[in-house]
Structures are given as structure tokens and as C-alpha cells.
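Residue numbers start from 1 in every chain, and the chains themselves are labelled A, B, ... in the order their sequence lines are given, proteins ahead of strands. Excluded from the calculations below are hydrogen atoms, water molecules and symmetry mates; all remaining heavy atoms, backbone and side chain alike, are included.
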Number of protein chains: 2
Amino acid sequence: MPDKKETEALSERKKQILANVVELYIKTGEPVGSKGLIDATGMSVSSATVRNEMNELDSMGYLEQPHTSAGRVPTQEGYRYYVDHLMKNREVDELTKRLIDAGVSSAVGDPEKLIAKSREILANLTKCATVSTAPVGEMTLIKKIEVVPVGAYSAMMVLLTSNGILKSRLCRSDTEINASVLEKFYGIAGAFIIGKPAAEITPVYIQTLAAAIEGDYFTLLPLLAAVTELADSVGDSRLVLGGSSNLLSFKDYGEGAVALLEFLSRSEPLSDVINSSRGSLDVRIGSENKYKQLENSSVIVSKYSVNGDETGTISVIGPTRMDYETIIPSIRYMTDIVGRLITQALEE
Amino acid sequence: MPDKKETEALSERKKQILANVVELYIKTGEPVGSKGLIDATGMSVSSATVRNEMNELDSMGYLEQPHTSAGRVPTQEGYRYYVDHLMKNREVDELTKRLIDAGVSSAVGDPEKLIAKSREILANLTKCATVSTAPVGEMTLIKKIEVVPVGAYSAMMVLLTSNGILKSRLCRSDTEINASVLEKFYGIAGAFIIGKPAAEITPVYIQTLAAAIEGDYFTLLPLLAAVTELADSVGDSRLVLGGSSNLLSFKDYGEGAVALLEFLSRSEPLSDVINSSRGSLDVRIGSENKYKQLENSSVIVSKYSVNGDETGTISVIGPTRMDYETIIPSIRYMTDIVGRLITQALEE
DNA sequence: ATTAGCACTCGAAGAAGCAGAGTGCTAATT
DNA sequence: AATTAGCACTCTGCTTCTTCGAGTGCTAAT
């Protein structure tokens with residue numbers, strides 16, 4: 001009789017045992033047996049009692065045995081219950097706080113660098129893989145475009161979006177880039193590009209401008225092409241993965257690690273995983289992520305707010321047996337800071 | 001009696017056998033035996049003859065047996081001899097040529113993007129890890145700095161170096177960034193920063209400017225700090241690793257793959273490996289790389305020339321059992337193209 | 001309700017045995 | 001003199017068998 005829904009309310013002792021099992025298993029990676037549990041926690045009951053309780057937790061679906069006569073391991077539901085009810089949602093550790101503060105301090109003022117940095121810090125801290133998404137959405141607008149000539153036929157172009165993403169590249173033209181070309185370019189840009197969502201600035205859109213520009217279309221083309229490339233790369237910067245090699249050290253994955261890495265390296269499914277998160281901090285355990293490749297992994301997605309809008313995310317991906325108790329506060333603290341700093345950087 | 005140096009000149013047949021063993025082993029990954037070798041190559045001698053020859057190649061140090069009564073595997077010296085004398089240095093395959101041409105075409109005109117792209121292409125082509133270094137050296141000069149205000153207190157700053165590297169970031173100031181501040185900044189920049197090597201623009205150097213700027217130092221400080229960060233990041237972009245997860249699929253490494261990835265992810269030793277290369281294309285096999293972590297790997301470093309100077313490199317790192325015969329021409333072709341395109345992009 | 005005691009189960013780790021691939025040597029062949 | 005056939009020998013990888021021990025569930029005693 002598994003799934004006694006009515007017995008939802010676990011006795012105090014069951015809760016304690018479940019919590020201990022989860023925490024011990026997270027720590028050691030070995031299935032925990034009744035004896036081992038008492039040894040490690042100093043509980044003042046006998047192993048037989050613990051065994052009975054474990055047995056019930058087992059049939060309630062919170063624990064399971066890899067095989068008869070091995071210790072218990074938390075099931076997905078076990079982790080879920082732990083995360084939802086048992087975990088002491090403790091504040092972030094003073095040391096990690098310092099590490100984070102120190103780490104981001106070098107990138108204050110530049111959103112992109114800040115996000116990259118936060119990904120890196122979090123990967124080091126959690127020893128898991130991290131994913132960040134830039135604060136880019138449907139409504140990321142092109143805010144400014146600058147073209148600075150560096151030679152007769154070449155110029156550097158810089159593009160700034162409404163959320164602080166800055167993209168730049170060199171571009172060359174076959175015709176001279178002189179003051180009159182620039183003037184025309186700024187005219188076109190001001191009229192048809194600035195203020196538009198980055199996603200709309202496609203090569204096709206640029207072609208529709210041909211009529212408006214008439215004779216000068218071909219001299220402006222190299223510059224306009226560069227604009228589309230920059231606008232496109234704004235979208236690219238959306239999803240970045242870091243620290244994936246951390247996952248290799250987890251013996252949990254065994255051979256499967258390679259397949260997982262392969263999965264993570266493809267951005268479409270990964271993006272899907274991240275985007276399907278709910279709420280400002282979402283923990284998805286094992287098969288709660290609908291991809292089979294993640295059945296042994298948990299994904300924690302935390303959103304940061306820029307100007308009050310939850311636009312970007314920072315995520316941690318690791319084995320289901322990850323240290324939720326320290327990772328969750330860390331990622332929450334990190335997203336708070338990142339959101340605050342970006343908002344601040346964007347103030348006029 | 002190993003190492004008969006006097007017998008340096010291998011008989012024609014020995015050469016052929018060595019070449020076949022190396023190629024077959026590269027292809028299959030299994031130690032090759034006398035019988036298997038004839039089957040695979042259709043040589044018209046008996047297995048016993050091949051065995052005798054192999055035995056000699058063995059005592060000359062070119063082949064070895066993982067254990068008695070297994071087939072032969074090339075030693076490091078075996079690979080070396082193969083690469084130096086036996087490999088038909090054939091031209092790059094028509095298909096790969098197309099792939100490379102098509103791949104880089106999207107990045108023509110922007111050195112940084114071009115290099116990133118080439119790394120990616122080469123990783124896909126070779127299924128190995130790739131490392132690129134930007135064309136940055138002691139003499140990479142700051143060529144241009146632009147500051148574009150985007151608000152009263154914030155601006156975007158763009159920095160261009162003499163070799164086409166473009167770096168940008170947002171920066172904020174506590175004081176207003178108005179025309180007069182900008183004018184002063186450009187004055188300082190023109191006098192003390194433009195034309196200097198990027199590596200010299202350190203926070204310390206900026207402090208020495210305080211005297212020259214006098215009262216305005218503090219209003220300019222945020223901008224100057226941003227310059228040092230950008231100048232610093234020019235150096236950062238020097239070394240980038242890609243495709244490292246490719247290495248996981250090689251069974252050659254077994255468990256060691258993790259350690260190798262860890263090694264590659266640290267940039268100091270990696271940079272040392274790359275920089276100790278000689279000549280325009282250097283193949284280092286196994287322990288020829290002085291790091292123990294690379295004893296089962298080969299590194300191929302190829303330099304590209306910008307304006308005739310061999311400044312940057314593109315490298316491939318993989319197991320010693322890599323397909324030298326196709327990889328070497330590919331990387332050579334790639335560096336040729338990259339060098340040519342960057343040189344072209346930098347023309348005035 | 002808890003606990004001590006015990007028979008039982010199952011995997012991990014080692015030992016033993018076998019099949020096969022490949023060798024080196026010797027003696028015969030060209 | 002070089003090549004080849006033949007053969008005894010060696011070593012690994014695989015499978016099968018045992019043993020060992022941790023951990024369980026049940027029953028009976030507290």
C-alpha cells in the first residue's frame with residue numbers, strides 16, 4: 001500500500017529520520033542503513049526502531065533501497081519533501097557571502113561581465129554546472145548605436161540594448177566610410193532601428209529598408225549588415241553554460257556524465273528547461289524536469305529582477321544528491337545581488 | 001639491445017610496416033597484430049615475416065606491446081617517426097576546405113569572432129579540444145578609445161587595439177559625465193594612453209597620472225578605471241579553450257579524462273604549453289610536452305601571421321592516437337585563412 | 001511502543017577456469 | 001640468406017563460483 005496520502009502528516013520522528021537520511025546521503029553518497037544513521041547522528045533510539053520507521057517511509061515513497069538489504073536512499077519524493085518542509089532554510093554562510101561580494105565587485109557596472117562572473121563564482125562554490133540567462137526578452141530594445149571609423153574603410157560599431165547588454169564588432173566596407181555615409185547611417189538608424197526590439201532587426205527587415213534609403217543602400221549595406229549581426233548576437237548571449245566539467249567529478253553519474261554534458265551543451269533543450277521554471281526560485285528534482293537526460297539531476301533556477309521585472313535567470317545543475325541546504329541560499333543571495341547591481345547600472 | 005642508433009635508416013619495408021601499424025592503430029584503437037595487419041592492408045608477405053620486422057621495430061623503440069602476446073602499439077618515438085618521415089603530408093580534403101571556408105565566412109571582418117569561430121570549427125572537425133590565442137603580444141597597442149554617454153552618469157566605453165581586438169563595457173560615475181569631462185578624458189587618453197601597449201595600462205600606471213590631471217582626477221577616475229579593466233581584458237582574451245568535452249569520448253583516456261580536463265581548464269600551464277612551441281607548426285607528442293598530465297596527449301600548435309608577424313596560435317589537443325594525417329593539414333589551412341583574414345581586416 | 005535476536009538476501013570482491021589472440025622460436029622451404 | 005609454416009607458450013578478458021558482510025524484516029521478549 002504505497003502512497004498513503006492521508007498519512008501526509010509525518011510524525012516528528014519520521015521527519016527527523018527522513019531529514020537525517022537525506023543529509024547523510026548527500027554527504028556520503030552511500031546508502032544509509034539503520035545502524036549507520038544512529039552512529040552518525042547520535043539518535044537515542046535503537047536501530048530496530050529506526051528500521052521500522054524507515055520501512056514506513058519506504059512504503060510512503062520517500063525512501064527506497066537500491067536492492068534488498070542495502071541501506072536507504074531518498075527517492076525523488078523524499079528530496080522533494082526535504083526541500084519543501086524539512087530543510088532549515090538557513091541564511092547564506094558568512095564566508096560565501098564574502099566570496100560572492102568580493103567576486104562580483106570586480107564587475108559592478110557592466111551587466112554582461114557581472115553575469116559571467118556570477119556564473120563562474122557559483123560554479124566554484126557549488127561544484128556544479130551553472131547556467132545564466134542575460135536579461136534579454138522579447139522587449140529588449142536597441143537603445144543606441146555608435147559607429148567610430150578607424151580607417152577609411154573600416155569602423156567599429158557598438159550597440160547598446162535597453163538592459164545594458166553591449167555588443168561591438170569591427171566592420172569593413174568596400175566604399176569609404178566618410179562623414180556623409182555616417183550621417184546617413186545615423187539617420188536611418190534613428191528612424192528605423194533605435195527603439196526597436198533587437199529580435200526584429202533581422203536581415204529581412206533590413207532589406208525592407210532598401211526603398212527608404214534608395215541610392216545609398218549599397219554604401220550603407222556593410223554597416224547595416226553589421227547591425228543585424230550585433231542584434232542577433234544579443235539573443236545569443238541569452239544562455240550560457242559554465243562549470244560543466246564540475247559534473248564529471250560526481251561519481252553519481254558514472255558513465256552517464258558524458259551524455260549529460262552532451263545534453264547540456266545543446267542550447268535548445270537547455271533553454272527549454274530553464275524557461276519552464278515557475279516562481280522566483282524553482283527547484284526541480286530528477287524527473288520533474290521533463291527531459292530523460294536529467295532524471296538523475298536537479299535544476300535550481302533563480303530569477304533576478306531588473307527594475308522590478310524578473311527578466312534573467314541564474315541556475316545551478318547538479319546531481320539530485322546535491323547540497324540543497326547550502327546551494328539554495330547561495331543562489332538566492334547571488335540573484336539578489338545581480339539584480340540589484342544591474343538595476344543600479346542602468347539608472348540614468 | 002634497444003636503441004640501435006646506427007640503424008637509423010629503416011628499410012623500406014620497415015617503414016611501410018610502421019606506417020601501417022600507426023595508421024591502423026589510429027583507426028581502430030586496438031593493438032595491431034601481425035595477422036590483423038596483413039588482413040587490413042593486403043601486404044603480400046606472411047605474418048611471420050611481419051612478426052620478425054615488428055620485433056625489430058620493437059627493439060628499436062618504435063613499437064611496443066601493452067603486454068606479452070598482445071599486438072603492437074606505436075610508442076611515442078613511433079608516432080614521432082611517423083609524423084616526421086612517413087606521413088603523406090597530403091593536402092587538406094576538399095570537403096573540410098569547404099566547411100572551413102563556409103564557417104569563417106560569417107565572421108570575416110571581426111578578428112575576435114573569427115578566432116572564436118575557427119576554434120569551434122576545428123573542434124568539430126577534429127573531435128579534439130582546441131585552444132586559440134588572440135594576436136596579442138607585448139606590442140599590442142591601444143589604438144583608439146571612445147566614450148559614449150548613455151545617461152547623465154553612465155557611458156559606454158570602447159577600446160580598440162592595434163590588432164583588431166575590440167573591448168567594450170558600461171561604466172558609471174558618481175559625477176556627471178558631461179562634455180567637459182569627456183573633453184578632459186580624451187585629452188588624457190590621447191596624451192597618456194593611446195599608442196601605449198595594453199599591458200602597460202595598469203591601475204598603478206593610472207595613479208601616476210594623478211599629478212598630470214590635478215583637480216579633475218576624481219571625476220575622471222571612474223572612466224580611467226574602466227580603461228584599465230578593458231586593457232586588462234585584452235590580455236585575458238589571449239587564451240581560450242574549446243571543445244574540451246570532445247575528449248571525453250576517447251576511450252584512450254579512460255578515467256584520466258577528468259584529470260586532463262581539469263588540467264586544461266587552468267590557463268597558466270596551458271599557456272605555458274602553447275607558448276613553448278617552436279616553428280610555425282609544432283607537433284608535440286606525449287611526454288614531449290613537459291607536463292605529466294599530457295603524457296597520453298599530443299598538442300599541435302600552429303601559428304598565424306598578422307601583417308607578417310607570427311602573433312597568434314590555434315592548437316589542437318587530443319590523444320596521442322589522433323589522426324595526424326588529416327588534422328595537420330586542416331589546422332594549417334585554418335591558420336593560413338585566419339591570418340589572412342585578420343591582416344585584411346586591419347588594413348586601413 | 002520499543003528493542004534484542006536471528007535467519008535471510010543480495011551485491012561486491014576475489015579465485016578459478018577457459019578461450020582466443022598473438023607472440024617468439026625452430027626448422028623447413030625457396 | 002631471406003621467408004614461411006608450425007608449434008608451444010603467455011597473457012588478457014570473460015564467465016562462473018564462492019565467500020563475506022552489511023543490512024534487512026520478522027518474531028518474541030521487555
Side-chain angles (χ1 to χ4, degrees), chain A residues 1-2 7 10-18 20-21 24-25 28-75 78 251-252 254-255, chain B residues 1-2 7 10-18 20-22 24-25 27-75 78 251-252 254-255:
Chain A
M1 56 204 68
T7 325
L10 268 53
S11 74
E12 233 12 84
R13 195 169 62 187
K14 278 204 184 56
K15 288 185 185 175
Q16 201 196 332
I17 288 180
L18 178 52
N20 285 340
V21 171
L24 194 54
Y25 181 64
T28 66
E30 300 294 321
V32 346
S34 51
K35 187 82 188 329
L37 189 71
I38 331 191
D39 290 354
T41 61
M43 296 176 72
S44 54
V45 284
S46 79
S47 65
T49 310
V50 173
R51 265 201 304 280
N52 290 332
E53 295 282 48
M54 278 178 157
N55 197 339
E56 291 187 52
L57 285 168
D58 201 322
S59 47
M60 289 181 201
Y62 294 125
L63 294 179
E64 70 183 344
Q65 309 175 264
H67 52 267
T68 333
S69 96
R72 287 339 200 271
V73 161
T75 61
K251 51 200 165 312
D252 300 67
E255 287 305 299
Chain B
M1 54 205 72
T7 325
L10 267 52
S11 74
E12 228 20 77
R13 195 169 63 189
K14 278 203 182 59
K15 286 186 187 175
Q16 200 195 334
I17 289 179
L18 178 53
N20 285 339
V21 170
V22 171
L24 194 55
Y25 181 65
K27 204 157 112 194
T28 66
E30 301 294 322
V32 346
S34 51
K35 187 81 189 329
L37 189 71
I38 330 190
D39 289 356
T41 60
M43 295 177 72
S44 54
V45 283
S46 79
S47 65
T49 308
V50 172
R51 265 199 305 280
N52 289 332
E53 295 282 48
M54 277 177 155
N55 197 338
E56 292 186 51
L57 285 168
D58 201 322
S59 46
M60 290 181 202
Y62 294 125
L63 295 179
E64 70 184 343
Q65 308 175 264
H67 51 267
T68 334
S69 98
R72 286 337 199 275
V73 160
T75 61
K251 52 200 166 313
D252 301 67
E255 288 305 298

A.B. asks: Check each residue of residues 36-52 of chain B for a non-hydrogen atom within less than 4.0 Å of any atom in DNA chain D, then write out the ones that pass by number, or none.
C.D. replies: B:Val45, B:Ser46, B:Ala48, B:Thr49, B:Arg51, B:Asn52
A.B. asks: Does the pair B:Val45 and B:Arg13 meet the rule for a side chain to side chain contact (heavy atoms under 4.5 Å, CB included), with working shown?
C.D. replies: CA-CA 10 Å; B:Val45 283; B:Arg13 195 169 63 189; 4.1 Å; yes
A.B. asks: Please state how far atom CD in A:Glu30 lies from atom C1' in C:dG11, giving the value in whole angstrom units.
C.D. replies: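 Atom-to-atom, A:Glu30 to C:dG11, this comes out as 13 Å.
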A.B. asks: Return the value, rounded to whole Å, for the distance between atom CD of A:Gln65 and atom P of D:dA22.
C.D. replies: 17 Å
A.B. asks: Side chains of B:Met43 and B:Thr49: does their closest heavy-atom pair fall under 4.5 Å?
C.D. replies: no
A.B. asks: Give the C-alpha distance, both sets of side-chain angles, the deciding distance and a yes or no for side chain to side chain contact (heavy atoms under 4.5 Å, CB included) between A:Tyr62 and A:Leu10.
C.D. replies: CA-CA 11 Å; A:Tyr62 294 125; A:Leu10 268 53; 3.8 Å; yes
A.B. asks: Taking side-chain contact (heavy atoms from CB on, under 4.5 Å) as the definition, give me every residue that meets it alongside B:Glu64, ordered by chain and number, with sequence neighbours left out.
C.D. replies: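 Expected list: B:Thr75.
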A.B. asks: I need the CG-P distance between B:Leu57 and C:dT23, as an integer number of Å.
C.D. replies: 12 Å
A.B. asks: Find the distance A:Met54:CE to D:dG23:P and express it as a whole number of Å.
C.D. replies: 10 Å
A.B. asks: Heavy-atom count around B:Lys35 NZ within 6.0 Å, excluding the residue itself: above 12?
C.D. replies: no
A.B. asks: If you draw a 6.0 Å radius around NZ in B:Lys14, do more than 12 non-hydrogen atoms from other residues or ligands fall strictly inside?
C.D. replies: yes
A.B. asks: Who pairs with A:Thr68 by side-chain contact (heavy atoms from CB on, under 4.5 Å), at least two apart in sequence or on another chain?
C.D. replies: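 Partners of A:Thr68 under the side-chain contact (heavy atoms from CB on, under 4.5 Å) test: none.
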A.B. asks: If I take atom CD in residue A:Glu53 and atom C1' in nucleotide D:dT24, what distance separates them, rounded to the nearest angstrom?
C.D. replies: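 Nearest whole value for this atom pair: 16 Å.
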A.B. asks: Please identify each residue that fulfils side-chain contact (heavy atoms from CB on, under 4.5 Å) with B:Thr28, with sequence neighbours left out.
C.D. replies: B:Leu24, B:Glu30
A.B. asks: According to a 3.5 Å limit on both distances, what stems of 3 or more consecutive Watson-Crick or G-U pairs are formed with DNA chain D?
C.D. replies: C:1-30 with D:1-30
A.B. asks: Restricting both atoms to N or O, compile the protein contacts to nucleotides 8-16 of chain D shorter than 3.5 Å, with distance only.
C.D. replies:
{"from": "D:dT10", "atom 1": "O2", "to": "B:Ser69", "atom 2": "OG", "distance (Å)": "2.8"}

A.B. asks: Atom CG of B:Leu24 and atom C1' of C:dG22: how far apart are they, to the nearest Å?
C.D. replies: 15 Å
A.B. asks: In this structure, how many angstroms lie between the C1' atom of C:dA1 and the NZ atom of A:Lys14, rounded?
C.D. replies: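 One finds 12 Å between C1' of C:dA1 and NZ of A:Lys14, rounded.
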A.B. asks: Can you tell me how far the OG atom of A:Ser46 sits from the CD1 atom of A:Ile38, to the nearest 0.5 Å?
C.D. replies: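 So the OG of A:Ser46 and the CD1 of A:Ile38 are separated by 6.0 Å.
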A.B. asks: Give the rounded distance in Å between these two atoms: CD of A:Glu56 and P of D:dC26.
C.D. replies: 12 Å
A.B. asks: Distance check: side-chain N/O of B:Arg13 vs OP1/OP2 of D:dA2, anything under 4.0 Å?
C.D. replies: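 Answer no for this pair, as no side-chain N or O of B:Arg13 is under 4.0 Å from OP1 or OP2.
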A.B. asks: Show your reasoning for whether side chain to side chain contact (heavy atoms under 4.5 Å, CB included) applies to A:Met54 and A:Val32.
C.D. replies: CA-CA 10 Å; A:Met54 278 178 157; A:Val32 346; 4.0 Å; yes
A.B. asks: If you define the side chain from C-beta out and look only at heavy atoms, does anything of A:Asn55 sit under 4.5 Å from A:Arg72?
C.D. replies: yes
